[in-house]
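Notes follow the structure.
Just so you know, these numbers come straight off a predicted model, no measurement behind them. All residue numbers in this chain count up from 1 along the given sequence. First listed ligand is number 1; within each ligand, the first listed atom is number 1.
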Amino acid sequence: MAFDQLWRKTVLTVAANKVVTNFVSNYGMRLGAKRFIAGESLEQAAEVVKKLNNEGLLVTIDHVGESVTTKTEAIEAADEAIRIFDIIDKYKLNANVSIKLTQLGLKIDPELCYDNLDRIVETAKKYNNFVRIDIEDSPVVQITIDLFKRVLKKYGKEHVGLVLQSYLYRTENDVRELGKLGASLRIVKGAYKEPESVAFPLKKDVDENFNKIVAIHLKSGNFTAIASHDEKIIEETKRFVKENNISNDLFEFQMLYGVRSGLQRQLVKEGYKMRVYVPYGKEWYPYFSRRIAERPANGLLILKSLFKS
Ligand code: FAD
């Protein structure tokens, strides 16, 4: 097994350990999590968004949290997503909102989740804004697509879009199907620990599939967000859009807050749309663990900050 795969598996396994969870949740912000998280409150996040907007970067705001266990928590998560739209409007931020369906109660009751999702997309439409539904681990992919299709039909592609992962074998087919509905898609490689029965085990195949499905979606005239920090993917997208005369309105690059900030600004300078995913909130631990799992250097960075005052 390649080192990066082994690192990813190990970090995601260790991160699930209760003792580790408690320790990092208590000390993590001091240990360097704030490099990736805009703050624990929406107001702190709004400050960060304003600064990014001033540099020409677009933003999508995510109130971190996933897999809630009570109906009250799910409703509160939807209320918070709605509050993000209010704050975007109030401070005239150039931002939309990203959400996770397990945070809206998907694992408690899909209909409860749908009602919450419906309220959020309705608010997006009211403000002429947009909601992006993040994609989570493979057991919830189908139900996420099903709920997405319902809100897509009701509110339209200008107000709601979905994320799909190039590491899943099924994704090419999903892209073709959702392409027929005109869906706006964000393509990512995928951040969860998945078995070989559902996902390409080799990075090379995940990368190849990424380029393939981006090309399929762009060619069929649908909006595509290319969400990757991988320079090879970015270069290939640039080449493809140039060769196929694809207009700048039909795609954008997306990256995570705190990752490859220099490259983000470089793309803005080159005239591309570049959107930064800005997470905030108290439940930042699982999000943070996935960022460490993606890159050994991030783990080292956190270790170093352990020994700084
Ligand atoms: P990789 O092949 O992982 O990395 C390529 C290069 O990018 C690395 O060599 C390194 O230089 C740099 N890099 C990558 N990650 C990091 C990092 N964390 N820190 C520092 N440098 C890094 N996944 C989901 O499963 N569901 C989602 O809904 C989802 N939404 C996302 C939204 C956005 C805007 C982005 C950017 C990613 C999202 N992801 C999501 C995560 C994604 O699936 C990948 O896990 C993540 O983007 C790393 O893959 P990569 O394409 O950047 O390339």
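Those atoms of ligand 1 with a heavy atom of M255 less than 4.0 angstrom away are 36 (C). Taking a cut-off of under 4.0 Å to the non-hydrogen atoms of R260, the atoms of ligand 1 that pass are 11 (O).
Atom NZ of K157 has 12 or fewer heavy atoms from other residues, nucleotides or ligands within 6.0 Å.
The protein atom (non-hydrogen) at minimum distance from atom 17 (C) of ligand 1 is N298 ND2, 3.2 Å. Of the protein's non-hydrogen atoms, the one nearest atom 4 (O) of ligand 1 is K189 NZ, 4.5 Å. For atom 51 (O) of ligand 1, the closest non-hydrogen atom on the protein side is S228 OG, 2.7 Å. When only non-hydrogen protein atoms are considered, atom 46 (C) of ligand 1 lies nearest to E294 OE2, 3.4 Å. Atom 33 (C) of ligand 1 has as its closest protein heavy atom L256 CD2, 3.6 Å.
Judged purely by distance below 3.5 Å, without hydrogens or angles, the side chains of D230 and S228 never pair a donor atom with an acceptor atom. For the residue pair Y272/N248, the side-chain donor-acceptor check at 3.5 Å is not satisfied.
Nearest residue to atom 42 (C) of ligand 1 from I226, I133, V188 is V188 (criterion: closest heavy atom). With distances taken over non-hydrogen atoms, the option nearest atom 14 (C) of ligand 1 out of H229, K203, E194 is H229. Counting only non-hydrogen atoms, the option in Q254, Q165, R186 that gets closest to atom 32 (C) of ligand 1 is R186.
Comment: D86 does not engage K90 in a salt bridge, judged by the lack of any side-chain N to carboxylate O separation of less than 4.0 angstrom. Using a 4.0 Å cut-off between charged nitrogen and carboxylate oxygen, E80 and R83 count as a salt-bridge pair. A salt bridge does not link E122 with K154: every distance from a Lys NZ or Arg NE/NH1/NH2 to an Asp or Glu carboxylate oxygen is 4.0 Å or more. Looking at R239 and E235, no side-chain N of the basic residue comes within less than 4.0 Å of a carboxylate O on the acidic one, giving no salt bridge.
Contacts between F210 and ligand 1 below 4.0 angstrom, taking non-hydrogen atoms only, are absent altogether.
A cation-pi arrangement, defined by a distance under 6.0 Å to the six-membered ring centre and an angle within 45 degrees of its axis, is present between R150 and Y114.
For atom 9 (O) of ligand 1, no protein non-hydrogen atom is found at a distance below 4.0 Å. There is a protein heavy atom closer than 4.0 angstrom to atom 2 (O) of ligand 1.
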